[in-house]
Structure formats: structure tokens, C-alpha cells
Amino acid sequence: MADTSDFKNGLIIKFKNDLYTITEFQHVKPGKGGAFVRTTLKSLRTGRVLDNTFRSGESVDVVRVERRKYQYLYRDGEFLVCMDNDTYEQINVPEILFGDGVNFLKESEEVEILFNGEEIINVEIPVFVKLKVVSTEPGFKGDTATGALKPATLETGVSVNVPLFVNTDDMLKIDTRTGGYVERVK
């Protein structure tokens, strides 16, 4: 059993019959009354974020989570098939655990799967991926001054808004959290 002095960002705790990760915490010692810890918690199952206050020294259930690297192979209905990089064992992971960033995953991309025992509780995909532009309207010289955007279809089939100077066959760096264009890469 741990208490609030063990809090750190990324710690996974069991709270209200669900698993939450601590995204932010702050120890507060008011001038009057007892100290407390103000936290921001994110549910691993639903992604819901909530704020909660714990009394200083209050006991919490810390969940031991094992992280394993897997390689995303292919989509199979509502599941994505991933392979363990060490044992070559393949598992089916529900697509919903990947979140919105699943649209930016290429086959053979490496992901990190979080296990609580043998139960898969979450999947972490790379924050940035490099994807090739399959089709977009041609850009013209001098189009960079206005800051306007145009749609571009990437190799995974998803469409993102990009600056006017981006052309077909360019490699782009995409943020999987927001689904936004970051920069053009070589």
C-alpha cells in the first residue's frame, strides 16, 4: 500500500473501481488546516479526465503495470494484430484502446502495450510519425505567405490539413495526439 507521498506523473492507481494514471499533482499546505494533494487523473479505460483531492498521507492502491514493446502488423475487423518483438507471439488488441491516433499507424510501427497481469489496459502509440503524402492539390511558388491550408491524403488513408507548399510524395511529421501537421521532413 502506498500513500500520497509516492505520487508522480505517470503513476497508475486504482481509484473508484477503475484504473487511473496521474497526469498532474500538487502538494498544498494551506495556512490553516491539514495538507492535501490536488491531482488530475486520467482513466485508462475511458480516457475521461477528472480532478480529485487526496488528504496528505492518504493510502492509495498502486497498480503494477508491465510495458511491452509490440509491432503493429495489420487490422483484423475491430482488432489490430500486434506481435511481441521478443517472442514473436501475436495478439489481437481492440482498436478502441489505440485511440484516435490509430489512423496514423503504418504496418510494422512499434507500439507499447500496458498489461495488468495478462489483461491489456492501454496502448501507447508514438507521439510523432512520418507519413508520405499520397495526393494533394499542387502548390505554387509564393503560396507560403498567407498561412493558408489545404487537405492532403496520407499513405494510411487519413486526410490532414497542410500548408500550401506541401506536394505529393513529400514526407510529413504528424502529431498523433492532435492529428495535425508538424513539419515536412527529408
Side-chain angles (χ1 to χ4, degrees), residues 9-10 12 19-24 40-49 65-116 118-186:
N9 289 340
I12 298 173
L19 295 178
Y20 288 88
T21 182
I22 297 174
T23 57
E24 196 177 316
T40 302
L41 305 171
K42 181 176 181 182
S43 172
L44 291 178
R45 297 191 199 287
T46 63
R48 190 182 75 179
V49 176
V65 173
E66 184 179 348
R67 296 173 177 267
R68 295 187 214 150
K69 292 199 182 294
Y70 278 77
Q71 184 179 23
Y72 162 61
L73 297 178
Y74 59 91
R75 190 179 298 261
D76 184 20
E78 296 176 8
F79 295 94
L80 277 70
V81 179
C82 297
M83 177 182 69
D84 189 322
N85 290 341
D86 299 326
T87 65
Y88 303 111
E89 173 190 353
Q90 294 183 10
I91 60 171
N92 291 337
V93 182
E95 182 179 349
I96 195 158
L97 292 178
F98 284 83
D100 294 335
V102 71
N103 298 325
F104 302 101
L105 272 185
K106 287 191 301 189
E107 293 175 353
S108 78
E109 193 81 44
E110 193 171 270
V111 297
E112 209 169 65
I113 300 179
L114 282 67
F115 289 90
N116 181 13
E118 288 301 311
E119 177 191 7
I120 299 171
I121 55 173
N122 200 9
V123 178
E124 292 180 355
I125 62 174
V127 175
F128 298 106
V129 293
K130 293 178 183 170
L131 296 171
K132 188 176 185 179
V133 177
V134 176
S135 68
T136 187
E137 296 294 319
F140 298 104
K141 205 169 192 90
D143 276 347
T144 58
T146 61
L149 299 174
K150 64 180 179 178
T153 304
L154 304 177
E155 62 186 294
T156 59
V158 70
S159 182
V160 296
N161 287 326
V162 297
L164 296 175
F165 59 81
V166 172
N167 295 312
T168 303
D169 294 331
D170 284 351
M171 288 295 286
L172 304 180
K173 185 176 183 181
I174 304 293
D175 187 336
T176 59
R177 298 168 298 188
T178 62
Y181 162 86
V182 177
E183 65 182 354
R184 187 167 54 174
V185 294
K186 300 281 184 232

Handout entry: Counterpart residues, side-chain hydrogen bond (donor to acceptor under 3.5 Å, both in side chains), relative to E95 (two or more places apart)
Key = R75
Problem - Residues in side-chain contact (heavy atoms from CB on, under 4.5 Å) contact with T176, at least two apart in sequence or another chain - result: F104, I125, V129
Problem - Counterpart residues, side-chain contact (heavy atoms from CB on, under 4.5 Å), relative to N92 (two or more places apart) - result: F79, V81
Completion exercise
Those residues at least two apart in sequence (or on a different chain) that pass side-chain contact (heavy atoms from CB on, under 4.5 Å) with M83 are Q71, L73, Y88, Q90
Practice task
Please name the pair of heavy atoms, one in I174 and one in G179, separated by the smallest distance, quoted to 0.1 Å.
Solution key: CG2-C, 4.3 Å
Problem - Sub-4.5 Å side-chain heavy-atom contact between L19 and N122 - result: no
Exercise for the section: Quick one: list whatever passes side-chain contact (heavy atoms from CB on, under 4.5 Å) with T87, sequence neighbours left out. Expected result: D84, E89
Completion exercise
Rounded to the nearest 0.5 Å, the SG atom of C82 sits from the CG atom of L105 at a distance of 8.0 Å
Problem - Evaluation steps, side-chain contact (heavy atoms from CB on, under 4.5 Å), between Y181 and V166 - result: CA-CA 11 Å; Y181 162 86; V166 172; 4.2 Å; yes
Fill in the blank from the handout: The reported gap from CG in D169 to OG in S135 (rounded to nearest 0.5 angstrom) is 10.5 Å
Exercise for the section: May I have the step-by-step check of side-chain contact (heavy atoms from CB on, under 4.5 Å) for N116 and L44, ending in yes or no? Expected result: CA-CA 11 Å; N116 181 13; L44 291 178; over 6 Å; no
Practice task
Not counting sequence neighbours, which residues clear salt bridge (charged side-chain N to carboxylate O under 4.0 Å, His left out) with E66? List them please.
Solution key: R68
Handout entry: T156 side chain to N103 backbone, donor-acceptor under 3.5 Å
Key = yes
Practice task
Give, for atom CD of E155 and atom NZ of K130, the distance between the pair rounded to the nearest 0.5 Å.
Solution key: 12.5 Å
Practice task
Look up atom CD1 in I22 and atom CD1 in I12, then write down how far apart they are to the nearest 0.5 Å.
Solution key: 10.0 Å
Handout entry: Listed partners of E109 passing salt bridge (charged side-chain N to carboxylate O under 4.0 Å, His left out), at least two apart
Key = none
Practice task
Output all residues satisfying salt bridge (charged side-chain N to carboxylate O under 4.0 Å, His left out) with E119, sequence neighbours left out; order by chain, then residue number.
Solution key: R45
Practice task
Could you check whether the rings of Y70 and F115 sit parallel, tilted or perpendicular, using 30° and 60° as the cut-offs?
Solution key: tilted
Practice task
Could you check T23 against N9 for side-chain contact (heavy atoms from CB on, under 4.5 Å), going step by step and ending with a plain yes or no?
Solution key: CA-CA 5 Å; T23 57; N9 289 340; 5.9 Å; no
Handout entry: Heavy-atom closest contact (L172 atom, V162 atom, distance)
Key = CD1-CG1, 3.7 Å
Handout entry: Partners meeting side-chain hydrogen bond (donor to acceptor under 3.5 Å, both in side chains) with N85 (sequence neighbours left out)
Key = E110
Exercise for the section: Can you run down the salt bridge (Lys or Arg N to Asp or Glu O under 4.0 Å) pairs that involve residues 177-186, sequence neighbours left out, and say none if there aren't any? Expected result: D170-R184, K173-E183, D175-R177
Problem - With E24 via side-chain hydrogen bond (donor to acceptor under 3.5 Å, both in side chains) - residues at least two apart - result: none
Handout entry: Those residues that, when tested against K69, pass side-chain hydrogen bond (donor to acceptor under 3.5 Å, both in side chains) (two or more places apart)
Key = E112
Practice task
Would you check if the side chain of K42 reaches a backbone N or O of T21 as a donor-acceptor pair within less than 3.5 Å?
Solution key: no
Exercise for the section: Return yes if some donor-acceptor pair links the side-chain N/O of T153 with the main-chain N/O of V133 below 3.5 Å, else return no. Expected result: no
Problem - Sub-4.5 Å side-chain heavy-atom contact between T136 and P151 - result: no
